[in-house]
Number of protein chains: 2
Amino acid sequence: MSTTPVHLALSVDRTSPVPLYFQLALQLEQAIETGRLEPGSLLGNEIELAARLGLSRPTVRQAIGSLVDKGLLVRRRGVGTQVVHSQVKRPLELTSLYDDLLAAGQQPATRVLSSATGTAPAAVAAALGVAPQAEVVTVVRLRSAHAEPIARMVNHLPVGLLDLPADALEATGLYRLMRAAGITLHSARQSVGARAATAAEAELLGEAVGAPLLTMERVTFDDRGRAVEYGSHVYRASRYSFAFQLLVRP
Amino acid sequence: MSTTPVHLALSVDRTSPVPLYFQLALQLEQAIETGRLEPGSLLGNEIELAARLGLSRPTVRQAIGSLVDKGLLVRRRGVGTQVVHSQVKRPLELTSLYDDLLAAGQQPATRVLSSATGTAPAAVAAALGVAPQAEVVTVVRLRSAHAEPIARMVNHLPVGLLDLPADALEATGLYRLMRAAGITLHSARQSVGARAATAAEAELLGEAVGAPLLTMERVTFDDRGRAVEYGSHVYRASRYSFAFQLLVRP
DNA sequence: GAGTGGTCTAGACCACACC
DNA sequence: GTGTGGTCTAGACCACTCA
């Protein structure tokens, strides 16, 4: 007999267009986040849960499985399904400096330093997977928060992919513009390092020459496999660092 | 009628203890990696694939779904399942410097500079979630490749979790020791930044004072939610950077 | 309209953990 | 031995895409 350790008010609405497994996953996730489902507590077995909700077991498993993938639950054969103890925030996402700053309660501001179309340098063309002398749009932006410069961001995009009016770029982030244009971001390959600031960078960012800068290069692909953006950014190490959570592959 | 765009030699062995969906996923993944399934090609519909292999559709879906989660395939309703164009290597894993260097063909060498048990500083205790004056093991290592120093790594672990003989630490990586001890790593929260080298760091790593260093702090949790390790590492920016691929959450 | 993936059901047997 | 998750089946209907 199962002990049904927690009595949650779970229910599904079969008239809703939202998939049943998704409704259940949503409610479980909320119960975990609000603490109604305590860390370490057992969820009760899948069969009983399915019976209680009038669902089939595969549907319940699909809901639970999605939360296991998110790292919120852990399944143990012969034991049961438990809520993870550690506070999993969110696994690493395609971080957007704009959104990061917003989330941190800072007010991001952007100044477009230049925006031009021209032939791609060899390294950029290779990263984007376009012909060596193909035309690309190059945008250089200075991102600040609280009137303090944070980063210089250089982006290259294939021409014709997206309109990039300066006022839109100064009002929001590049990824938001892409998503709004119907581009589905799929994956990115990125590299994070550090180096000393050049004279020009020091001047622009208000650091000393030789000050440590955090660097990131990133190629982003959409779901058709097209490279949609190549970025090469430098951040003031004194003002910014990347923080993220990641899950170990099972 | 479906066009069956690719003729793959797929088969499953029902006498094997390996799950059928996993066998299929493995073969599809291999076909993608070797190029037999070309980027952009359609996989053929799930029903037919199931019939061809003598499997049920849910089993085939489970195999395909696992590759979609890995970012190797993209499903489009009404269209089919396609191989992604971009070469997805592996999503971000819990990177181990030891394994990174091995994979890069370098020969990692480790020197244990110190290893001691003592009361945890407040910041360390907070990160590990142990009592403020609890005992922790602190290990300091110098990691090199090709006789060139790469990083200084400082790790704190709860006492009693794991035996850490110096010779084992010099022969392999910390995470490998943990896994071998039956610890299942689950998630990690980490932060990557940069700063200038102190005199001691410069001396140890063979850099100039003030040279840019890449820093990483990381707390790692096991599947029971216990913090099993807190690390604070510095890398020579001139010799190392983090490269990884990530998937956009769907 | 034809073809695809998305969702869902009601069972079944197995492998593993724990008592 | 008992209870759990892990795997698998053979269907079904729906929603979306594209011609």
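Note that this is a predicted model, so its numbers are computed, not measured. Just so it is clear: chains get the letters A, B, ... in the order the sequence lines come, proteins before strands, and each one is counted from 1.
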Of the nucleotides [options], which one has an atom closest to the side chain of [X]?
X: B/L55; options: D/dT9, C/dA10, D/dG6; answer: D/dT9
X: B/P19; options: D/dC8, C/dG6, D/dG5; answer: D/dC8
X: A/R57; options: D/dG6, C/dT9, C/dG5; answer: D/dG6
X: A/R14; options: D/dC8, D/dG5, C/dC8; answer: C/dC8

Length of the line joining [X]:[atom1] and [N]:[atom2], which is rounded to integer Å:
X: A/D223; N: D/dT17; atom1: CG; atom2: P; result: 13 Å
X: B/L24; N: D/dT9; atom1: CG; atom2: P; result: 11 Å
X: A/E48; N: D/dG5; atom1: CD; atom2: C1'; result: 15 Å
X: A/E46; N: C/dC8; atom1: CD; atom2: P; result: 16 Å

[N] phosphate, OP1 or OP2, under 4.0 Å from [X] side-chain N/O:
X: B/Y21; N: D/dC8; answer: no
X: A/R61; N: D/dT4; answer: no
X: B/R76; N: D/dT17; answer: no
X: A/N45; N: D/dT4; answer: yes
X: A/R75; N: D/dG6; answer: yes
X: B/T81; N: C/dG5; answer: yes
X: B/T59; N: D/dT7; answer: no

(message) Base of D/dG3, side chain of A/R77 - is there a donor-acceptor contact under 3.5 Å?
(response)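 When only heavy-atom distances are counted, A/R77 does not reach the base of D/dG3 through any donor-acceptor pair under 3.5 Å.
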(message) Side chains of A/R75 and A/T81 only: does a donor on one sit below 3.5 Å from an acceptor on the other?
(response)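 Per modelled atom types, A/R75 and A/T81 side chains form no pair under 3.5 Å.
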(message) For A/E135 and A/T117, which I'm curious about, is there any donor-acceptor pair between the side chains at under 3.5 Å?
(response)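 On atom types as modelled, these side chains do not qualify, holding no pair under 3.5 Å.
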(message) Quick check on DNA chain D: between B/P58 and B/Q62, whose nearest nucleotide comes earlier from the 5' end?
(response)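 Looking at DNA chain D, the more 5' nearest nucleotide goes with B/Q62.
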(request) State, with a plain yes or no, whether a side-chain heavy atom of B/Q190 is found less than 4.5 Å away from one of B/V219. (result)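 Contact flag for B/Q190/B/V219 side chains = no.
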(message) Donor-acceptor pair, distance only, cut-off 3.5 Å: does the side chain of A/T34 make one with the backbone of A/Q30?
(response)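 Yes; judged by distance alone, with no hydrogens or angles, the pair exists.
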(request) Give one of base, sugar-phosphate or nothing for B/I47, where a contact means two heavy atoms less than 4.0 Å apart. (result)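 No contact.
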